[in-house]
Amino acid sequence: MKKAETPFPLDRRTLLAAAPLGILAAACAPAEEAAAAADQTAPAGDDAGLTEAEIAHRQTARDFVKALETSDWERFASVMADDARFITHAAEGPWARSMTEGGEVILENMKQLMGGLTDPNLMITRERVLGNLVIHERDESFTTESGPTTSNITAMYLVHDGKVQVWFELVGDLPA
């Protein structure tokens, strides 16, 4: 007798749409680490409870942010996977629910974006490492031709083999 098949209650599109919310829920987990000084290198105490792999993933994410802040494109490319995906979510504007695929495309987009900014400052204010996932809350400030701008960012990096595979950014606060 053949058992009747029960269809999976979620399709692929629903699962993909829900993934960022799961990552965001992980970001709200109570344990957290404060990022160290502006150079974002951690004092020895910040490693407590982390595995060697998690420490390496955290450093990859920190290197990634520092390279973006300083427009060190060689360093940025060295920690970006060739098949990386960059997903953004904002309430409105060009960053509203967009995805860019491919390390080279992401690199070129960031060069163009950051090239129009002066005095960029990307300060990690909270940090959490969960296996291959590194979560940052960041305050950003920079100047555009329209004037000074500040943003609150929640960024998540899925790191594998020393490379950022998926980069997700929530720009600003979630609408109520």
Side-chain angles (χ1 to χ4, degrees), residues 19-20 23-24 26-27 32-42 46 53-174:
I23 293 170
L24 191 57
E32 63 189 47
E33 299 173 24
D39 72 351
Q40 297 167 12
T41 56
D46 281 356
E54 288 173 326
I55 293 168
H57 300 327
R58 179 185 64 195
Q59 191 58 50
T60 297
R62 289 176 177 181
D63 289 347
F64 186 83
V65 171
K66 184 52 83 174
L68 186 59
E69 177 184 53
T70 61
S71 298
D72 183 344
W73 302 119
E74 187 174 311
R75 186 176 178 192
F76 184 85
S78 75
V79 293
M80 172 73 65
D82 293 339
D83 61 347
R85 287 177 289 156
F86 175 40
I87 304 161
T88 60
H89 181 87
E92 60 188 23
W95 295 109
R97 298 171 185 87
S98 69
M99 181 166 75
T100 306
E101 295 184 80
E104 288 184 24
V105 176
I106 295 167
L107 173 64
E108 291 308 313
N109 286 349
M110 291 299 106
K111 281 181 177 180
Q112 183 178 15
L113 173 72
M114 297 302 285
L117 308 178
T118 56
D119 306 320
N121 182 16
L122 284 60
M123 176 59 67
I124 299 168
T125 57
R126 288 185 4 171
E127 181 176 66
R128 176 88 162 113
V129 181
L130 302 165
N132 289 52
L133 182 66
V134 180
I135 305 163
H136 287 163
E137 288 184 17
R138 205 171 62 228
D139 290 334
E140 290 188 356
S141 63
F142 47 84
T143 304
T144 68
E145 57 187 39
S146 303
T149 301
T150 60
S151 297
N152 297 1
I153 305 289
T154 300
M156 288 150 271
Y157 310 93
L158 182 60
V159 180
H160 182 71
D161 290 336
K163 304 275 186 177
V164 173
Q165 300 288 319
V166 178
W167 172 23
F168 174 83
E169 288 204 349
L170 172 63
V171 180
D173 296 321
L174 280 174

Answer yes or no: is there a side-chain heavy-atom contact under 4.5 Å between [X] and [Y]?
X: Arg85; Y: Phe168; result: no
X: Val79; Y: Arg75; result: no
X: Leu117; Y: Thr143; result: no
X: Asp72; Y: Glu74; result: yes
X: Phe142; Y: Thr149; result: yes
X: Leu133; Y: Met156; result: yes
X: Met80; Y: Phe64; result: yes
X: Glu169; Y: Thr154; result: no

[X] side, atom [atom1]; [Y] side, atom [atom2] - distance, nearest 0.5 Å:
X: Asp63; Y: Gln59; atom1: CG; atom2: CD; answer: 4.5 Å
X: Asp82; Y: Ile106; atom1: CG; atom2: CD1; answer: 10.5 Å
X: Gln112; Y: Leu107; atom1: CD; atom2: CG; answer: 11.5 Å
X: Leu158; Y: Ile135; atom1: CG; atom2: CD1; answer: 11.0 Å

### Listed once per pair and sorted, the salt bridge (charged side-chain N to carboxylate O under 4.0 Å, His left out) pairs that draw on residues 142-168, sequence neighbours left out
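Sorted pair list comes back empty.
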Between [X] and [Y] (side chain of the first, backbone of the second, donor and acceptor by atom type, cut-off under 3.5 Å), is there such a pair?
X: Thr125; Y: Glu137; value: yes
X: Asn132; Y: Val159; value: yes
X: Glu69; Y: Leu122; value: yes
X: Ser151; Y: Ile153; value: no

Please report the closest heavy-atom contact between [X] and [Y], naming both atoms and the distance.
X: Leu68; Y: Met114; answer: O-CE, 3.3 Å
X: His136; Y: Val134; answer: NE2-CG1, 3.7 Å
X: Asp139; Y: Asn152; answer: OD1-OD1, 3.6 Å
X: Val164; Y: Thr60; answer: CG2-CG2, 4.2 Å
X: Gly131; Y: Glu54; answer: N-OE2, 2.9 Å
X: Thr88; Y: Phe86; answer: CG2-CZ, 3.2 Å

### Query
Are Tyr157 and His57 near enough that their ring centres are under 6.0 Å apart?
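No - the distance between ring centres of Tyr157 and His57 does not fall below the 6.0 Å cut-off.
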### Query
Of all residues at least two apart in sequence or in a different chain, which pass the side-chain hydrogen bond (donor to acceptor under 3.5 Å, both in side chains) check with Glu140?
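Result, side-chain hydrogen bond (donor to acceptor under 3.5 Å, both in side chains) vs Glu140: Arg138.
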